[in-house]
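Structure first, commentary second.
Here is how names work: the chains are called A, B, and so on, in the same order as the sequence lines, proteins then strands, and each is numbered from 1.
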There are 2 protein chains.
Amino acid sequence: MEVKTKQQGIKVVADVLDIIGGKWRGPILSYICDKPRRFNELKSILGRITSATLSKELRYLEELRMIDRVEIRTETSSACEYRMSQHGKSIKTLIQHVVEWGLQHRKVVLGEGV
Amino acid sequence: MEVKTKQQGIKVVADVLDIIGGKWRGPILSYICDKPRRFNELKSILGRITSATLSKELRYLEELRMIDRVEIRTETSSACEYRMSQHGKSIKTLIQHVVEWGLQHRKVVLGEGV
DNA sequence: TTAACAGGTATCTTTTTTCATACCTAAACA
DNA sequence: TGTTTAGGTATGAAAAAAGATACCTGTTAA
């Protein structure tokens, strides 16, 4: 599969933005990329997100096959963790590119005057 | 400047998503990246965008120093073009990374079943 | 002098996202 | 047996983004 038309390229960009865009998906993925996270852990790192929103976003990322919801059972506790899926891990490099460009952008747009 | 904390990295990601995210900014940048474009040209390629929205998005991208609004005067006409700024051009590589990852993603998430 | 085109602005409505608040369930604990 | 912890759901309000529609301004073209 390859980019055949400009129009198709645009649609691919839209696909990706649907995954990492919005107010919370980028941050959620970044944190889970870092290491597996529990629901309440994410909730407290993200700060102002509500349970309802976090729950919805996690289910959506799972549906997109970016993350896995893994139930963890020991003798004394049952919990669950969210982890990057096999495929999801591949977005880490892209996020790194985003961060690198973002830092350049800050230099240019903010750096000169600040 | 470098990424010092996870928190800072997240903010950089949010900065970048503010530029290429949303319904229209990614597509608008992609088209202008390709070559300089006129207002009505963009409007017709983008399809369902309204003048008000296009105008607002272009002004915002200009404010972010991603694009330049260039007035073009010849003897017979006066028009204007939107072009990538010097800095804006640097996002082309990032958009290419996005497209590349997006194509992989399609293979994994859609490709197996479609 | 009037119409047409390019490049918009102004208002208001609709849709989509996010938030606030309250509540629920199962397991472990004391 | 009652409370705490983890991981949520339900409902409605508020805010943000996008759209529809009408209108404005300065050329050029007939």
Fill in: Stepwise side-chain contact (heavy atoms from CB on, under 4.5 Å) test for B:Arg25 and B:Tyr60
CA-CA 9 Å; B:Arg25 282 174 213 164; B:Tyr60 187 60; 3.3 Å; yes

Item to complete: Mind calculating the distance between CZ (B:Arg48) and C1' (D:dA17) to the nearest angstrom?
Response: 18 Å

Discussion item. For a side-chain contact (heavy atoms from CB on, under 4.5 Å) check, start with the C-alpha distance between A:Asp68 and A:Glu62, then their side-chain angles and the critical distance, and finish with the verdict.
Written reply: CA-CA 6 Å; A:Asp68 293 324; A:Glu62 206 186 342; 5.7 Å; no

Worksheet entry | Heavy-atom pair with the smallest gap, counting every atom of A:Ile20 and B:Leu17 | O-CD1, 3.0 Å

Discussion item. In this structure, how many angstroms lie between the C1' atom of D:dG8 and the CG atom of A:Leu54, rounded?
Written reply: 10 Å

Worksheet item: For the residue pair A:His105 and A:Trp101, is the inter-centroid distance of their aromatic rings smaller than 6.0 Å?
Response: yes

Response to the item:
B:Phe39 atom CZ is separated from D:dT25 atom P, nearest whole Å, by 17 Å

Fill in: Segment of DNA chain C, first to last nucleotide, that comes within the 4.0 Å heavy-atom reach of chain B
C:dA6 to C:dA10

Fill in: Toward the 5' end of DNA chain C, by each residue's nearest nucleotide, A:Ser51 or B:Glu81
B:Glu81

Fill in: Nearest-Å distance for atom pair CD1/P, residues A:Ile49 and D:dG7
15 Å

Worksheet item: Has the side chain of A:Ser44 got a donor or acceptor atom that lies under 3.5 Å from a matching backbone atom of A:Glu41?
Response: yes

Worksheet item: Is A:Arg38 near enough to D:dT5 that one of its side-chain N or O atoms lies under 4.0 angstrom from OP1 or OP2?
Response: no

Practice prompt. Quickly work out the A:Asn40 CG to D:dG8 C1' distance and round it to whole Å.
Written response: 9 Å

Item to complete: For B:Ile72 and D:dT27, give me the distance from atom CD1 to atom P, rounded to whole Å.
Response: 16 Å

Worksheet item: With a 4.0 Å cut-off on heavy atoms, is A:Lys23 in touch with a base, just the backbone sugar-phosphate, or nothing at all?
Response: sugar-phosphate

Fill in: Which nucleotide in D:dA10, D:dG7, D:dA18 has an atom nearest any side-chain atom of B:Thr53
D:dA18

Fill in: Separation of atom CG in A:Asp18 from atom P in D:dA17, rounded to whole Å
17 Å

Practice prompt. Looking at every strand, decide which applies to B:Arg69 at a 4.0 Å heavy-atom threshold: base, sugar-phosphate, or nothing.
Written response: sugar-phosphate

Worksheet item: Roughly, in whole Å, what's the span from CD in A:Glu41 to P in D:dG7?
Response: 9 Å

Item to complete: Ignoring hydrogens and angles, tell me if any N or O in the side chain of A:Ser30 forms a donor-acceptor pair with the backbone of B:Ile10 under 3.5 Å.
Response: no

Fill in: Nearest-0.5 Å distance, CD of residue A:Glu100 to CD1 of residue A:Ile95
12.5 Å

